[in-house]
J.: 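Would you mind keeping the following structure in view while I ask a few things?
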Amino acid sequence: MRRPSSAVFALCLCVLAGCQATPDDDAAHEVASAAVLIATPQKGVMPRTVVAWGEASQGAPYQQVVTLPFDGSLSRLTVAQGEAVRRGQVLASFDLAPAASVAMDMARTGVQTAALSLERVRRLRGDALATDEQVEQASKALTDARAAVAMYPRADVVASSIVIRAPVDGTVTTVAASAGQVVAANAPLIAVTPTAELTVIGGVEPGVAGTVRVGMPVDLERVGGTGRITGRVLGIADAIDGQTRLVPVRIHPDSAPMPGTTWRAEITVGEASGWDAPADAVVDDSRGPCVYQVRQGRAHRVDVRVVVERGDRVLLNGDIDPSAPLVTAGGPQLAEGMTVVTSGGGR
């Protein structure tokens, strides 16, 4: 019996090996590729900003508090706390206490008496029957009487009731007494914060607080709403707040926000230049942020640093080749040297 030749035996081994091959072995011989979107790299400039979060505040140093120098009670309130008012608008009515009402009548009568006395002394002085000193004393008595009656708002007193009006355009910050409540002389009644003095009090991270300066422009966006206004920095603290662990910053809005509302403030502290790209172009892998560029149909990884991020755009620093297309979408699926199919269908 003849034995099979060595050539035939080797052929059988190859056939068996082929039968045992797996799909993974076949995939290893395929060239990996991915479809992406590309764009030409472009230089750009964006504002460098610092973000602060804060609340529209009616600072106590700016409040104008309405007081009256006599006892009485609020007979009527026409406004509530937080309500916007105009200068001269009626806020409340104040009824004088009986003793204060009598004092007001006496003060007005005192002016009339002092005026008549001064006129009489001047006539006597003309007849050499009174001295200059007596004229001066009578004149001083009239001045004192007028000062006493000046405490009472002449035009707004009707039957011992005083009309309280808003001293400025602004917002009612405090109503310290209720209707019918008896209040003492010089006690605070109503506080109004001028519209021009409404500020946004916020805080910035200590690491970037040193870049904020007075007068820098601010873009304000209301949290939980649709309002957007502009403003400027009024002041920046040089210490960290013990509760928030942020550095306080005061912002003056160009238009009055509603007191108590919360705002996100972007303070423009300068400008930055770099490569302008969509935010989707940046890939964060184990080595850090990067982008991919296409050279001769293959992907090449480039390390980058995000300088500024605004919405869906970013400004990048890195060794980006201006002549190589930049992958703007599909980057996460790429690896160094992978074959790339662009949106146009080419490689």
J.: Answer whether the closest heavy-atom distance between the side chains of Val204 and Ile236 falls below 4.5 Å.
T.: yes
J.: Show your working on side chain to side chain contact (heavy atoms under 4.5 Å, CB included) between Val65 and Ile190 and close with a plain yes or no.
T.: CA-CA 6 Å; Val65 181; Ile190 299 173; over 6 Å; no
J.: Go through the steps for Phe94 and Leu68 under the test side chain to side chain contact (heavy atoms under 4.5 Å, CB included), then give the verdict.
T.: CA-CA 9 Å; Phe94 184 88; Leu68 292 174; 3.4 Å; yes
J.: Can Thr171 and Thr193 be counted as having a side-chain donor-acceptor contact under 3.5 angstrom?
T.: no
J.: Please name the pair of heavy atoms, one in Ile229 and one in Pro253, separated by the smallest distance, quoted to 0.1 Å.
T.: CD1-CB, 3.7 Å
J.: When rounded to the nearest 0.5 angstrom, what distance separates OG1 in Thr328 from CG in Leu37?
T.: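 With rounding to 0.5 Å, OG1 (Thr328) is 5.0 Å from CG (Leu37).
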J.: Arg125 vs Gln134, test: side chain to side chain contact (heavy atoms under 4.5 Å, CB included). Steps then yes/no.
T.: CA-CA 9 Å; Arg125 179 67 184 88; Gln134 290 175 315; over 6 Å; no
J.: Just by modelled atom types, is the Ser178 backbone N or O under 3.5 Å from a matching donor or acceptor in the Gln181 side chain?
T.: yes
J.: Can you tell me if Arg287 uses its side chain to pair, donor with acceptor, with the backbone of Asp284 under 3.5 Å?
T.: no
J.: Under a 4.0 Å N-O cut-off, is there an ion pair linking Lys140 with Glu136?
T.: no
J.: Do Cys290 and Val302 make a side-chain contact, defined as non-hydrogen atoms from C-beta onward lying under 4.5 Å apart?
T.: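 Of all side-chain heavy-atom pairs linking Val302 with Cys290, none is under 4.5 Å.
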J.: What is the minimum heavy-atom distance between Ala179 and Leu77, and which atoms define it?
T.: N-CD1, 4.0 Å
J.: Using a 3.5 Å distance criterion without hydrogens, assess whether the side chain of Ser93 forms a donor-acceptor pair with backbone atoms of Ser75.
T.: no
J.: When clusters are formed by joining ILVMFWY residues with side-chain heavy atoms under 4.5 Å apart, either directly or through shared neighbours, do Leu220 and Val269 land in the same one?
T.: yes
J.: Got a sec: does the CZ of Arg146 have more than 12 other heavy atoms crowding it under 6.0 Å?
T.: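 For Arg146, atom CZ is not crowded (no more than 12 foreign heavy atoms under 6.0 Å).
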J.: Are Val183 and Leu74 linked, directly or through other ILVMFWY residues, by side chains that come within less than 4.5 angstrom of each other?
T.: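 Val183 clusters together with Leu74.
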J.: Under 4.5 Å between any side-chain heavy atoms of Trp275 and Pro322, yes or no?
T.: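 The answer is yes; the side chains approach within 4.5 Å.
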J.: State whether the number of non-hydrogen atoms from other residues, nucleotides or ligands found under 6.0 Å of Glu336 atom CD is greater than 12.
T.: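 More than 12 heavy atoms, drawn from other residues, nucleotides or ligands, come within 6.0 Å of this atom.
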J.: If two hydrophobic side chains count as joined below 4.5 Å and joins carry through other members, does Val314 share a cluster with Val50?
T.: no
J.: Working to the nearest 0.5 Å, report the span between CD of Gln42 and CG of Leu326.
T.: 10.0 Å
J.: Which atom pair, heavy atoms only, marks the closest approach of Thr67 to Ala187?
T.: CG2-O, 3.7 Å
J.: So, Thr143 side chain and Ser139 main chain: donor-acceptor pair closer than 3.5 Å or not?
T.: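 A pair under 3.5 Å: yes.
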J.: Got a donor-acceptor contact below 3.5 angstrom from the Thr78 side chain to the Val90 backbone?
T.: yes
J.: Tell me whether Arg87 at atom CZ has more than 12 heavy atoms from other residues, nucleotides or ligands lying less than 6.0 Å away.
T.: no
J.: Provide the closest heavy-atom pair for Ala145 versus Ala114 in the form atom of the first, atom of the second, distance.
T.: CB-CB, 4.2 Å
J.: So does His300 get a backbone contact from the side chain of Gln293, meaning a donor-acceptor N/O pair under 3.5 Å?
T.: no
J.: According to a 4.5 Å side-chain heavy-atom criterion applied to Ile, Leu, Val, Met, Phe, Trp and Tyr, with indirect links allowed, do Val168 and Val172 form part of one hydrophobic cluster?
T.: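 In one cluster: yes.
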J.: Hey, does the side chain of Arg165 reach the backbone of Gly88 with a donor-acceptor pair shorter than 3.5 angstrom?
T.: yes
J.: Enumerate the residue pairs fulfilling salt bridge (Lys or Arg N to Asp or Glu O under 4.0 Å) with a member in residues 67-85, sequence neighbours excluded, ordered by first and then second residue.
T.: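 Output for this query is empty, none listed.
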J.: Can you see which heavy atom on Gly54 is nearest to which on Val200, and at what distance?
T.: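 Taking Gly54 first and Val200 second, the nearest heavy atoms are C-CG1, 4.0 Å.
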J.: Are Ile320 and Val327 connected, step by step, through hydrophobic side chains (Ile, Leu, Val, Met, Phe, Trp, Tyr) whose heavy atoms are closer than 4.5 Å?
T.: no
J.: Do Arg310 and Thr49 have side chains that get closer than 4.5 Å, going by heavy atoms?
T.: yes
J.: Is it true that Arg86 and Asp169 have a side-chain N and a carboxylate O under 4.0 angstrom from each other?
T.: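 The answer is yes: the pair qualifies as a salt bridge.
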J.: Has the side chain of Asp241 got a donor or acceptor atom that lies under 3.5 Å from a matching backbone atom of Gln243?
T.: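 Answer holds: yes.
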J.: Please determine if Lys43 and Asp276 form a salt bridge, counting it only when a charged side-chain N lies under 4.0 Å from a carboxylate O.
T.: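 Looking at Lys43 and Asp276, the cut-off is not met.
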J.: Please identify each residue that fulfils salt bridge (Lys or Arg N to Asp or Glu O under 4.0 Å) with Arg222, with sequence neighbours left out.
T.: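 For Arg222 there are no salt bridge (Lys or Arg N to Asp or Glu O under 4.0 Å) partners, ignoring immediate neighbours.
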J.: Between Asp321 and Arg295, does any NZ, NE, NH1 or NH2 come within less than 4.0 Å of an OD or OE carboxylate oxygen?
T.: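 Between Asp321 and Arg295 there is a salt bridge, with a charged N closer than 4.0 Å to a carboxylate O.
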J.: Would you say that more than 12 heavy atoms from the other residues, nucleotides or ligands in this model lie under 6.0 Å from the CG of Asp319, or not?
T.: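 At most 12 heavy atoms, drawn from other residues, nucleotides or ligands, come within 6.0 Å of this atom.
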J.: Is a side-chain donor-acceptor pair under 3.5 Å present for Ser73 with Asp95?
T.: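 On atom types as modelled, these side chains do not qualify, holding no pair under 3.5 Å.
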J.: Gln81 vs Thr173, test: side chain to side chain contact (heavy atoms under 4.5 Å, CB included). Steps then yes/no.
T.: CA-CA 6 Å; Gln81 183 173 331; Thr173 308; 6.0 Å; no
J.: For the atom pair CE (Met338) and CZ (Arg298), what is the distance rounded to the nearest 0.5 Å?
T.: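 Answer rounded to 0.5 Å: 10.5 Å.
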J.: Is there a donor-acceptor pair closer than 3.5 Å between any side-chain N or O of Arg301 and the backbone N or O of Tyr292?
T.: no
J.: To the nearest 0.5 Å, tell me how far Leu315 CG sits from Arg305 CZ.
T.: 10.0 Å
J.: Using side-chain heavy atoms (C-beta onward) and a distance below 4.5 Å, is Val233 in contact with Val249?
T.: yes
J.: Tell me if a side-chain donor or acceptor on Glu205 pairs with a main-chain N or O of Val247 at a distance below 3.5 Å.
T.: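 No; judged by distance alone, with no hydrogens or angles, the pair does not exist.
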J.: Can you check whether Arg264 reaches Asp219 side chain to side chain, under 4.5 Å on heavy atoms?
T.: no
J.: Do Leu316 and Val291 make a side-chain contact, defined as non-hydrogen atoms from C-beta onward lying under 4.5 Å apart?
T.: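 Counting from C-beta outward, Leu316 and Val291 do come under 4.5 Å.
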J.: Heavy atoms only: give me the nearest Val175-Ala80 pair and the separation to one decimal.
T.: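 Closest heavy-atom pair between Val175 and Ala80: CG2-C, 4.4 Å.
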J.: Are any of the side-chain heavy atoms of Leu234 and Val214 separated by less than 4.5 Å?
T.: no
